[in-house]
Structure formats: C-alpha cells, structure tokens
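Because the structure is a prediction, the values reported are computed rather than measured. The sequence lines fix the lettering, A, B, ..., with proteins before strands; numbering per chain opens at 1.
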Protein chains: 2
Amino acid sequence: MKIRPPTIKDVAERAACGVATASRVLNGRGPASEKTRRKVLAAAAELGFEFSDLGRSLQSSTTRTLGCVVPSLANPVFADVVQAAQAEANRAGYQLILACSDYDPELESRAIRTLLAKQVDGLIVTVSNVEDSEGLEQVRARGVPCALVYNRACRGFPAWSVDNRAAAARVAGEFAALGHRHTGFLALEFGRSDRSRERFEGFAEACAALGMAQPVLLEIAEQEGQLLELLRALLSANRDITGIFASNDYLALAAMQAARGLGRRIPQDLSIVGFDGIATGLMVEPNLATVVTDPRAMGEGAARTVLARLAGETPPAGPDPARTFSFRRGGSLGPPAPESMDGGEAATSPPPRQ
Amino acid sequence: MKIRPPTIKDVAERAACGVATASRVLNGRGPASEKTRRKVLAAAAELGFEFSDLGRSLQSSTTRTLGCVVPSLANPVFADVVQAAQAEANRAGYQLILACSDYDPELESRAIRTLLAKQVDGLIVTVSNVEDSEGLEQVRARGVPCALVYNRACRGFPAWSVDNRAAAARVAGEFAALGHRHTGFLALEFGRSDRSRERFEGFAEACAALGMAQPVLLEIAEQEGQLLELLRALLSANRDITGIFASNDYLALAAMQAARGLGRRIPQDLSIVGFDGIATGLMVEPNLATVVTDPRAMGEGAARTVLARLAGETPPAGPDPARTFSFRRGGSLGPPAPESMDGGEAATSPPPRQ
DNA sequence: TCCGAAAATGGAAACGTTTCCATTTTCATT
DNA sequence: AATGAAAATGGAAACGTTTCCATTTTCGGA
C-alpha cells in the first residue's frame, strides 16, 4: 500500500542527467541549458516528483518547523494562541508541530525534548512554571530560539504575556470601588500554573493595599465533571464572600452556574469576575465582567519573535506592557447587597428559586 | 547562538569505538560488552547526546509523525478533535503536526502537500469537500494511511463522522412534533463545508417528508465581526420563520443573541437548534437545544485507525452509525406562539425591549 | 597451549538532499 | 579552424542515523 515516492535520483535518471543538475533545475538555482531544464521538468512531472524535506533538512540542518507547546486546546485562549502562531509561521514558510502538556510539567518537558529531537528551528511555549522548567533548560542548552507565551519573561527568554499582577490589581480596584470587602480567588490546579499564582498574588497585594480583607483562596482539584459540585461546596462554605475573582473565564462561568444553582443572584448576592475575555462570557446573562486579553496577538507576536531571530533580524519588542489587558465591565459585577456588607457570617437572604 | 548538537559520531569518538557500536549501545539492541556499554553511556551523558530524528527518519523512511488538518481551532469541536488525536498519537509514540485550513480548499490542499513532503507516516483530516479534494488525491497517490474526521467516508478513506443527514432529520422531527411549519437553516460559508450541506439536505428532505414547508436557507458570508448585524438583517427579513436550525452551535448562539437584540423571545417567538453540543450551549439561558456529538471520540478514533494501519493491525471499525449523535433538548426549542402558526407574513407581536 | 564457536566490533553503504569543484561543452572571436 | 572564456554538467562529499557483514576478540574446553 505504501508507495516509495520518487526521489531526485529517479528524476535524474529519467532525464538522463546527473542529480546535481536535476537539483539545480528543480530548485531554479544555478545554470542549466534550456534543453536540460525541459527534460528534467518533464521527468519530474511524469514521475509526480516532490522533494522530501527529510533529505533537505538533514543536508541543511534546518527543518523550517516550529515547535509549540501549550497546556491544552480546550481553553480557547490557547487555541487562539496556537492558531495565530501557526498562521504567522505559515506565512514565513514554516510548519508548526503541536504538543499539549495537559498542565503536567512532566509531559511538558517530554514534549520539549521530543520537539528538540525533531530539530525544530524554534519554539513557542507556555510552561507550567517559568522559574523551574526542565524543558526550558534543555532549550537553552541547545540554543534554540524560543519565545514564551502567557508566561513572564525569564532567564533571557522573550515573552508575550499579560501583566498578571497589574490586571489582578485592577480587578481588586473594581471590587473595592463597589464596596466589596470579602472576596475569594478561584483557581483550578493552582500549583500547576504560575499564571494563576501571579494573579492571586497581585490580587492579594492589591486587596491589602486597598484595605480589603485577605482574599480567600478557593482551590479546586481537577476532577473532570465534578466541577459544579465542587464549586457549590466551596460557595456554600464561604457565604461571607461577596465577590469572586476567577483565574480564568471558564471557571468564572462555571462559578456563575454553580451560584445560580444555589439560588444566589448575580451580582446582588455574589459578584464574579473572570480572566481572559473569551467569547462565551458575552453570551451569558448577565455578561461576564473580565480581564480581556488578546491571545491571537500573543501567539502571533511570539511567532514573529522566533522567526525574526531565525531570519537574523532584530525581533520585535514584546507587547506594550501598559496595554496587555483591558478590563471589561459586565453584569456579573455589581455592588454587594447592603446586608452582605456587614460581613456577617451567614447571609440572611433566603435562597430564592431563580 | 545556535549550538551544533553532538552526534553519535562524537559519542563514538569520545568512547573510542565505532559508530555502529555506539548506535547499538544507545539503542539497547545488539551485543555489546559491559565495558564498552559503560564507556558509550558515559560519553553520551557527558556530551548530553540526544538522537536526531532526522538521520533516523531518513534511514528508516519513517518519521513517527502524523499530520493533522482541520478547518480551525476557533471551533471547540476541532480543538477537541485535535487534542484527542494528539493524545492518542503520543500514546503510540507519534507526534502531531498541525495545520489549519481556515475553511479554504486552497490552503487545505497546500497543507496536505506540505505534510506529505515532510513524510508524515499518516494523516488525520477534515476536508472542505470530500468529493472533490485535491489534497485527498495527493494522499491516495502517495498511499499514506489517512482517516477523515467529520467528513463521511469516501473513496476508501475511513471516516469518523456524525451521520449528518440522520441528525438533521431528527431535528426536523423535533420541530414538527412541536408544531413548527416554517423553518430556516442557518449556515456560514455554506459552499466551503460539505458538513453544512449534508445537514441542510437532510433537514430539507425530512421537512418535506413531514409535511413542513421547505426550510429557508439563511446563508451568511464571512464578515468577521459583522455577524450579529447580518443575523439581525436575516431575521428581520424572514419573520414568518418560527424555528431555526443552525449548522453549528456558534451560529446558533449568535442567532440567539441577535434575536434577543431584536426583541424576539426565545423560544416563544423563535426556536433555535444548534449542532455540535459545545459547552457554551449549556451556559446560556435558555440552554441551547442541539445535536450533541463527541469530537474527542472522533479524533481518538481517527488516530487509532491510522495508527493501527501503520502497525499492521486491523483498524477499529468506525463509530457505531446509530450512535454518532444524540439530541439534547433545551429551552431554546419550544412550541411556536399560537399567532405565529398561521404563517402570517409579519408577526404582529410588538417588539418588546428585553 | 591450542581450537572452535560465540560474542563483540567497526567499516561501509544507504536513506534524499545540496553544494563544491573539476571537467566538459558551447559559442563568439579571431 | 583555432582559441579562450563562459556556461553547463556530473561526481563526490556531507548531513546523522541504522544495519549488513566481515573481521577481530573472547572464552570454555580439550
């Protein structure tokens, strides 16, 4: 079933010339007589010849391939990153090899190793923990151009990322302005994402600076499918909280559902703010207040940075630090109901059926 | 900056042995004395040697790489397909090279060509039009194992797909049972997706069989960002329609928003049914009625089919044709309001502000 | 100590390219 | 027709592997 594809040697033979000549003609470089050119081209066409990138890559020690590692495609943020990076790579004649790490540092490092073995010319990566990444060490050892996405710059690797701390601080400011005092920070797999951690830290610091209570860390262990139940438990156990900042929009949306299931009105009984700005947030009622980021710009930028280094050009600067995010108001964020502002232990409002 | 990675020759030299011996030791096959083994292993470790897949692939004419072409990652259905295919490929020691065709047959065929040039061992593909795909011709010519996803089987290529016609017929049945007579079929880029076309045809046939009016084809030209405006125009121009079947959930969701923007209540004034079963459909109010599919199963199945052929095993059968989809009821589908059932040209209900 | 078999070893070819360089051909001048 | 420069050509090496096969080493037993 598997056919041996014709090689340039076959073409040369059929055209009755040397492989060097065939190569020159087919690549359009170097001299060749009109007669030979025609013979070679005809032979190639008849054989249906296509270059094998393998031989080429081996010869040139260049693969025109970029590796890309992201945690998951289920998160539209990364789907967008990948798509944009891919488009940009293609534009420059590069292909993209994708690997998903599933938020697992072990898989992440294995993926990077494999990509390196495949001799990718460059890498675009979102790692679990930028400070301590075996994968990144490998990359450095090989000296392969690499840009980080949604991680902050570190150890000389350029980064296309959101200023997580500033964004989180902004959210704290919004909460404060509306009169919230007790908030929670909702995170999934906290330990496996330094993005999450940075957002929490920025949020906590700002809360302190604004005279709010220390935010409660609501951490959820990944239990596929159980999400809603876990959220309900968490919400029920923390009834004094009037606002929740979720480390991403998916969680925020899930929290909205869970809260509604418990009969808590949004935003009167509970305000929710997300992070990312995915499209779904605009489809729900009320709209999700969130930190809007631009994943496509990040993916494209990271690709451009890597490609520029490969082309020997000076890479573009990272994103303008002042504009990596914007805050989007939405119906999910409002002032807390008066009775909640006392910070009483248990809310007194009867849970109305929605 | 770019470092020349150590080759097996370097290892052999440092271990003072031949490359053949080094290769045997490093691969763990073939005989080797304990002494030599140690020397080679030590040399490799000191040098930080890793095999280059390039030389290997050239030698074995096998890349342990699968190519994957989907229209877009922005649609979570395909993101899931890719993710599942990737996971399955990895499990078997294969990598995945991704390409997005952006629903463009031209890009699609180019992507396939590039993948073939890269000597992928197999392909997992969703094409724009299964009947007429230059890319698929290339694949056949090369004899590379290939499975289709979300396309129907064709010309000997196995497929992991939904029975679009049956699913569409089911939707027609649901509409009919509720008393709908005038419906519309909403599609984006109709000409670029045979999935869309099959859904429409199945829907139209079933409508006819059920004594309903021929569904109006509501086609939208891709105008990034204008979607909502276009939908509003379409809805305003077709006020006798009581139900819309959208060719995918994204469109359905957008239609819901547009309808609401026009003051039309869902489902009283307009019922909407989607296709795919993406998570967002469960987050909106009312929930989106839709045809639920299992993209992960499709991606995984397609990968398994290809991998089995590569391993010389007999590939799994495709999905059970009777279970490729299920219908999910949702608040977006209900009986039409009585006054609409007359099929009058203009609805008489005043557009209330939502 | 020597023999033969088994184990270990390394040279060389092959995989499909490109490119260097030496050789051959062409062609315009004389 | 002879000359020389320019153009065209093809052999061979190199890229990093694996594998075949011939050669060398080891080792148990006589």
Between B:Leu26 and B:Ile8, which heavy-atom pair has the shortest distance, and what is it? CD2-CG1, 4.2 Å
Looking at C:dT18, I'd like to know if its phosphate oxygens (OP1 or OP2) sit under 4.0 Å from a side-chain N or O belonging to A:Ser60. no
Taking the nucleotide of DNA chain C with the nearest heavy atom to each, does B:Gly55 or B:Arg37 sit closer to the 5' end? B:Arg37
Under 4.0 Å, counting only non-hydrogen atoms across every strand here, what does B:Thr7 touch: a base, just sugar-phosphate, or nothing? sugar-phosphate
From the options D:dT17, D:dC20, D:dA8, select the nucleotide whose nearest atom is closest to the side chain of A:Ser33. D:dA8
If you check the B:Ala20 side chain, which of D:dG11, C:dT9, D:dC20 turns out closest? D:dC20
With sugar-phosphate meaning primed atoms plus P, OP1 and OP2, does A:Glu50 contact a base, only sugar-phosphate, or nothing at under 4.0 Å between heavy atoms? sugar-phosphate
Please report, rounded to the nearest Å, how far the P atom of C:dT19 is from the CG atom of A:Leu26. 13 Å
Lys/Arg-Asp/Glu bridge criterion (N-O < 4.0 Å) met for B:Arg296, B:Glu300: no
Base, sugar-phosphate, or nothing for B:Gly18, non-hydrogen atoms under 4.0 angstrom? sugar-phosphate
From NZ of B:Lys35 over to C1' of D:dT25, roughly how many Å is that when rounded to an integer? 10 Å
Should the heavy atoms of other residues, nucleotides or ligands under 6.0 Å from CD of B:Glu50 be counted, would the total exceed 12? yes
Distance, rounded to the nearest Å, where B:Gln59 contributes CD and D:dT17 contributes P: 11 Å
Taking the side chain of A:Lys9 as heavy atoms from C-beta outward, which of D:dG10, C:dT9, C:dT17 is closest to it? C:dT17
When rounded to whole Å, the CG to P distance for the pair A:Leu54 and D:dT17 reads 13 Å
Look at the side chain of A:Thr36 and decide which nucleotide, out of C:dT18, D:dT9, D:dG16, has an atom nearest to it. D:dT9
Take the protein atom CZ of A:Phe49 and the nucleotide atom C1' of C:dT18, then report the distance between them rounded to whole Å. 12 Å
Tell me: CZ of A:Arg24 to P of D:dA7, nearest whole Å? 14 Å
Counting only heavy atoms not in A:Gln138 (residues, nucleotides, ligands), do more than 12 fall under 6.0 Å from its CD? yes
Of the nucleotides C:dG16, C:dT19, D:dG10, which has the atom closest to the B:Leu58 side chain? C:dG16
Tell me: CG of A:Asn27 to P of C:dT18, nearest whole Å? 4 Å
So which nucleotide from D:dT18, C:dT18, D:dT9 ends up closest to the side chain of B:Val19? D:dT18
B:Phe51 has its side chain closest, among C:dG10, C:dC21, D:dT17, to D:dT17
Considering just the side-chain nitrogens and oxygens of A:Ser61, establish if one lies under 4.0 Å of OP1 or OP2 belonging to D:dC15. no
Checking contacts here: which listed nucleotide (C:dT17, D:dA12, D:dA8) is nearest the side-chain heavy atoms of A:Pro31? D:dA8
Across the strands shown, which category fits A:Asp53 at heavy-atom distances under 4.0 angstrom: base, sugar-phosphate, nothing? nothing
Remember a base hit wins even if backbone is also touched, and classify A:Thr21 as base, sugar-phosphate or nothing at under 4.0 Å, heavy atoms. base
Which nucleotide in the list D:dT9, C:dT18, C:dG16 gets nearest to the side chain of A:Arg4? C:dG16
Atom of B:Gly135, atom of B:Ser109 and distance for their closest heavy-atom approach: N-CB, 3.9 Å
B:Tyr94 side chain near B:Leu310 side chain, heavy-atom distance below 4.5 Å: yes
Let me know the distance between CZ of B:Arg29 and P of D:dT17, rounded to the nearest Å. 14 Å
